[in-house]
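If you're wondering where the values come from, they're calculated on a predicted model, not measured in any experiment. Just so you know, ligand 1 is whichever comes first in the structure, and atom 1 is the first atom listed for that ligand.
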Amino acid sequence: MSDKGHLPSHIAIIMDGNGRWARRKGFMRFRGHREGAESVREITRECAKKHLKQLTLYAFSQENWKRPQREINLLMKLLKEFLIKERKEINDNNIRLTAIGRVHELPDDAQRELAITMEGSKNNTGMILCLALNYGGRAEIVDAAKQIAKDVRTGKLGLDEITEETFKQYLYMRDMPDPDLLIRTGGEMRVSNFLLWEISYTELWVTPVLWPDFKKAHLEEAIKDYQRRERRFGGIRG
Ligand code: FPP
């Protein structure tokens, strides 16, 4: 199987390097996050224009709670601002907003703005913008396993019915296609507990460019590189 030359239909991004960007410029870390939010806007718009099926952004990981409370508050404030300010742009671009992660553990006001933006965009038919919020890949698998155990206990699901396909139905977004391309900015060669189940066959692209500097040209470069690759999904050259 090969999809050489095709546009990836689902891109996932680990947006790293906001803090380093700020430090290099002599700013507080928060300035880096604010600039990072600008990259979120630009990259979302570009991906929607390219008619991608889905863009998934790692906006807040479960591990991010370990940061100082002040930084967490600022990240939540930025998220709320984004959800309020971008409502119109999201609808104008026919984008449907969704979220994955333990969203019910986010602060109430962030949950409220998220719910309003998701509800307002639910009938849009263009690209899905999926924000990973309070997300952890292992937690996603644990949450799925717990629900499966419950369904087996109540007889809703038979033990032999647990296959990779049925397991997927218990993940946060059951109809989410696996990402074709995972981009990581900031140069680290790790997946950092992101979409562990879903990236089994995803192409990886890591760039030293820090997230606040990541713009349309870098996205194009990542897509070009992806298009040169041959995906065989464990098979042999066709
Ligand atoms: C990593 O930078 C990035 C994050 C912790 C979260 C990403 C958040 C944004 C891009 C801000 C706004 C998001 C939305 C959806 C509006 P880092 O602080 O770990 O950078 P460092 O590794 O250089 O310290």
Side-chain angles (χ1 to χ4, degrees), residues 11-48 54-90 93 95-103 105-107 109-118 120-121 127-137 172 182-195 206-216 218-219 222:
I11 296 181
I13 308 183
I14 300 175
M15 309 181 286
D16 198 16
N18 295 348
R20 274 165 285 165
W21 183 91
R23 200 172 55 237
R24 281 181 201 174
K25 292 197 157 15
F27 299 144
M28 305 277 282
R29 287 179 62 79
F30 181 60
R31 273 288 289 277
H33 293 314
R34 186 167 281 290
E35 283 301 312
E38 290 307 316
S39 295
V40 169
R41 288 191 182 94
E42 174 163 338
I43 296 305
T44 301
R45 196 177 314 126
E46 286 308 317
C47 288
Q54 183 162 335
L55 172 67
T56 301
L57 301 176
Y58 206 1
F60 194 86
S61 74
Q62 273 194 327
E63 290 73 24
N64 287 155
W65 296 113
K66 292 184 204 145
R67 295 187 177 211
Q69 191 58 44
R70 195 177 127 77
E71 183 169 344
I72 295 172
N73 294 344
L74 291 168
L75 279 167
M76 289 299 149
K77 185 167 173 264
L78 264 186
L79 171 67
K80 273 190 301 176
E81 269 178 31
F82 174 83
L83 292 168
I84 296 168
K85 280 199 202 147
E86 295 306 296
R87 250 166 224 156
K88 187 174 177 314
E89 172 101 8
I90 284 174
N93 285 294
I95 293 169
R96 177 155 69 89
L97 183 78
T98 61
I100 52 172
R102 293 181 178 166
V103 172
E105 291 171 1
L106 291 176
D109 49 353
Q111 283 189 54
R112 193 170 51 242
E113 299 307 337
L114 179 67
I116 295 172
T117 313
M118 278 170 43
S121 71
M127 185 183 82
I128 293 172
L129 171 62
C130 175
L131 297 182
L133 294 167
N134 189 20
Y135 176 87
Y172 292 145
L182 172 64
I183 296 174
R184 180 170 188 141
T185 62
E188 314 275 10
M189 298 286 181
R190 308 190 262 277
V191 290
S192 299
N193 203 16
F194 191 38
L195 302 175
V206 177
T207 174
V209 173
L210 305 174
W211 177 249
D213 289 329
F214 191 89
K215 304 292 175 201
K216 182 182 172 195
H218 305 105
L219 176 72

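Every atom of ligand 1 with a heavy atom of Arg29 under 4.0 Å away is listed here by number and element: 17 (P), 18 (O), 24 (O). Atom numbering of ligand 1 starts at 1 in the shown order; those under 4.0 Å from a heavy atom of Phe82 are 16 (C).
Taking CG of Asn134 as the reference point, atom CZ of Phe60 lies at 7.0 Å (rounded to 0.5 Å). Residue Leu97 holds its CG atom at 5.0 Å from OG of Ser121, rounded to the nearest 0.5 Å. Atoms CD1 and CE, from Ile11 and Met127 in turn, are 9.0 Å apart once rounded to the nearest 0.5 Å. Taken from CH2 in Trp211 to CD1 in Ile13, the straight-line distance is 4.0 Å, to the nearest 0.5 Å.
Residue Gly186 places no heavy atom under 4.0 Å from ligand 1.
At under 3.5 Å, a nitrogen or oxygen of Asp16, whether backbone or side chain, sits near a nitrogen or oxygen of ligand 1. At under 3.5 Å, not a single nitrogen or oxygen of Leu79, backbone or side chain, sits near a nitrogen or oxygen of ligand 1. At least one N/O-N/O distance between Gly17 and ligand 1 falls below 3.5 Å.
Ring orientation note: the planes of Tyr58 and Tyr135 are nearly perpendicular, at an angle over 60° on the 30°/60° scale.
The nearest heavy-atom contact from the protein to atom 3 (C) of ligand 1 is Met15 O, 3.0 Å. Nearest protein heavy-atom contact of atom 15 (C) of ligand 1 is Ala59 CB, 3.9 Å. From the protein, the heavy atom lying nearest to atom 13 (C) of ligand 1 is Val40 CG2, 4.2 Å. Scanning all protein heavy atoms for the shortest distance to atom 2 (O) of ligand 1 gives Asn18 N, 3.4 Å. Scanning all protein heavy atoms for the shortest distance to atom 11 (C) of ligand 1 gives His33 O, 3.6 Å.
Contact annotation: for Arg67 versus ligand 1, heavy atoms closer than 4.0 Å belong to the side chain alone. Proximity of Trp211 to ligand 1, defined as any heavy-atom pair under 4.0 Å, is confined to the side chain (atoms from C-beta onward).
Minimum heavy-atom separation, Ser39 to Pro212: OG-O, 3.2 Å. Here the closest non-hydrogen pair linking Val40 and Met15 is CG2-SD, 3.6 Å.
Although no hydrogens or angles enter the test, the distance criterion places no donor-acceptor pair under 3.5 Å between the side chain of Asp213 and the main chain of Val209.
Side-chain contact, Gln62 with Asn193: no donor N or O sits under 3.5 Å from an acceptor N or O.
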